[in-house]
Amino acid sequence: MVRFRARGNSDASSPPSGAAVCARPPGASPRWATYFTGADPESLRLARAARRLVVTARRGAALRAAAIAPDVVIGSASDPRENAPLDAYDPCPGALVLTDGPRPVRVLRPGSAALVDAPPAPDRVLGDYGAGDSFAGALAYYLAHGLPVEEACRLAGPHGAAVLRGIDPLETQMRLIAP
């Protein structure tokens with residue numbers, strides 16, 4: 001589980017996308033989000049205290065056991081472990097975000113769907129390890145700043161694409177900059 005607390009407008013204080021764990025100190029602003037990747041339902045219930053809760057699509061069983069609705073469930077359209085339809089989640093999340101490589105990101109809600117253009121891939125792709133995690137971490141960060149899901153996806157896209165430029169995602173990640 002990674003928790004992000006939205007920070008001021010200085011990019012110097014922002015961690016690389018998907019790489020930092022920022023705890024919410026006592027008395028801090030309630031602008032924070034949690035990206036939940038664990039499997040423990042009780043931890044997931046505690047994570048719901050975040051202003052925005054993003055959960056990996058691989059944790060459907062934990063979501064059912066915890067009986068909580070996250071703001072966003074995120075997965076990959078091409079991964080059968082992550083591409084369940086929106087109605088597979090009970091309770092229903094606020095949105096289901098499905099990435100699809102260079103194709104548009106799908107944002108699904110009950111009764112509606114939106115597409116968010118993917119950023120251009122680098123001229124030379126060296127690897128894709130960490131692209132989804134970098135996208136998800138950046139998505140949680142931008143949601144913590146109060147952005148709508150579609151806008152947060154648009155801003156998170158380049159963070160996922162940036163890691164395609166190398167083999168080690170920590171070497172090619174972009175810095176998060178408050179919107």
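Positions are given from 1 along the sequence.
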Pairwise distance CG(L53) to CG(L143) - rounded to 0.5 angstrom: 10.5 Å
Over all atoms of both residues, closest heavy-atom pair of V149 and V107: CG1-CG1, 3.8 Å
Heavy-atom closest pair, residues R58 and R81: NH2-NH2, 2.7 Å
Heavy-atom check, side chain of D100 versus side chain of R106, under 4.5 Å: yes
Side-chain touch V163/D133, heavy atoms, less than 4.5 angstrom: no
Close side-chain approach of T172 and L126, heavy atoms under 4.5 Å: no
Sub-4.5 Å side-chain heavy-atom contact between P110 and D87: no
Y35 and I74: CA distance, side-chain angles, deciding distance, side chain to side chain contact (heavy atoms under 4.5 Å, CB included) verdict: CA-CA 10 Å; Y35 175 43; I74 184 168; 3.9 Å; yes
Short N-O contact, D71 and R48, less than 4.0 angstrom: yes
Shortest non-hydrogen contact from M174 toward P158: SD-O, 3.3 Å
Close side-chain approach of F36 to S43, heavy-atom, < 4.5 Å: yes
Side chains of S134 and Q173, donor plus acceptor under 3.5 Å: yes
Distance (rounded to the nearest 0.5 Å) between L115 CG and E150 CD: 10.0 Å
Any donor-acceptor N/O pair, R59 side chain to G38 backbone, under 3.5 Å: yes
Nearest non-hydrogen partners of G94 and R109, listed with the distance: O-CG, 3.3 Å
Side chains of D117 and P104 in contact at under 4.5 Å (non-hydrogen atoms): yes
Where P70 and L63 come nearest, the two heavy atoms and their spacing: CD-CD2, 3.6 Å
Heavy-atom side-chain contact between D168 and Y129 under 4.5 Å: no
CG-CD distance between L98 and E82, expressed to the nearest 0.5 angstrom: 9.0 Å
Side chains of D79 and S76, donor plus acceptor under 3.5 Å: no
Where P41 and A66 come nearest, the two heavy atoms and their spacing: O-CB, 3.6 Å
Nearest-0.5 Å distance that lies between atom CZ in R52 and atom CG in L147: 9.5 Å
Hydrophobic cluster identity match, V54 and V116, side-chain contacts under 4.5 Å: yes
Approximate separation, where rounding is to 0.5 Å, of N83 CG and L96 CG: 9.5 Å
